[in-house]
Structure formats: C-alpha cells, structure tokens
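None of these values were measured; they are calculated from a predicted model.
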Amino acid sequence: RTVVQDYFFAERPMADIAADLHITESRVSQMRAEALTLLRDAMNSALAPELVTPHPRPDGAAARRRNAYFDAVAARRSVSARLGALAAVDAIA
C-alpha cells in the first residue's frame, strides 16, 4: 500500500520510497508491479473473470488472501455503482 500511495499518488521517486522502507529500488519496483497485477486481476475478477489467471495453489493462504482482496474490490464497486445510481436519480429529480 505504501509503495502504491507514494509512487502513484504522492509521485515520489522510487529511490526515496526505497530509502524510507529500507529496501532496494529494485524491490520497490517489484512491489509496484505486483500491486498493479493484483489490482488488474481483482478488477478482471469482477468484470471479465475469464481474463484472471488461476492461482497455482488455490487452497493456499496466498490464494485465500488474493480472493479476499478480489471480493473487497467487487464489494466496493457495488457500493460505488449504487451511489452513482442514486446520484443519477437525484439529478433527474
């Protein structure tokens, strides 16, 4: 989360993020790539499930965490969709 927030939202250089976390710039890059893959898969899970690569160990702890994240992203999308629908109704009224 820190890597994503600092890199994309705060627009901090990888070197600064790495220094703060006491890790290498290479590891920050890896974490950023992993986060983007996880987010893409979570969105695809809700919108185009056929695009999601199955986890190699579907019964493992990592797969359970991944699926819990997918569920959280889907639930948030549902809330956002409902709020958007309410805003559209209010605009018409």
Name each donor-acceptor pair under 3.5 Å that joins a side chain in residues 29-54 to protein atoms two or more places apart or in another chain, with its distance.
| residue | atom | partner | partner atom | Å |
| --- | --- | --- | --- | --- |
| Q30 | OE1 | R27 | NH1 | 3.2 |
| T37 | OG1 | A33 | O | 3.1 |
| D41 | OD2 | R66 | NH2 | 3.3 |

Under the side-chain hydrogen bond (donor to acceptor under 3.5 Å, both in side chains) test, which residues partner R12, sequence neighbours left out?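 D6, D20.
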
Residues in side chain to side chain contact (heavy atoms under 4.5 Å, CB included) with A68, at least two apart?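 Listed in chain order: nothing, the list is empty.
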
Could you give the distance from CG (D16) to CD (E25), rounded to the nearest 0.5 Å?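 Result: 8.5 Å between the selected atoms.
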
Cluster check L21, F8: I/L/V/M/F/W/Y, side chain < 4.5 angstrom: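 In one cluster with L21: F8, yes.
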
If you look only at pairs with a residue in residues 52-64, which of them pass as a salt bridge (charged side-chain N to carboxylate O under 4.0 Å, His left out), with sequence neighbours excluded?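 Of all non-adjacent pairs touching residues 52-64, none passes salt bridge (charged side-chain N to carboxylate O under 4.0 Å, His left out).
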
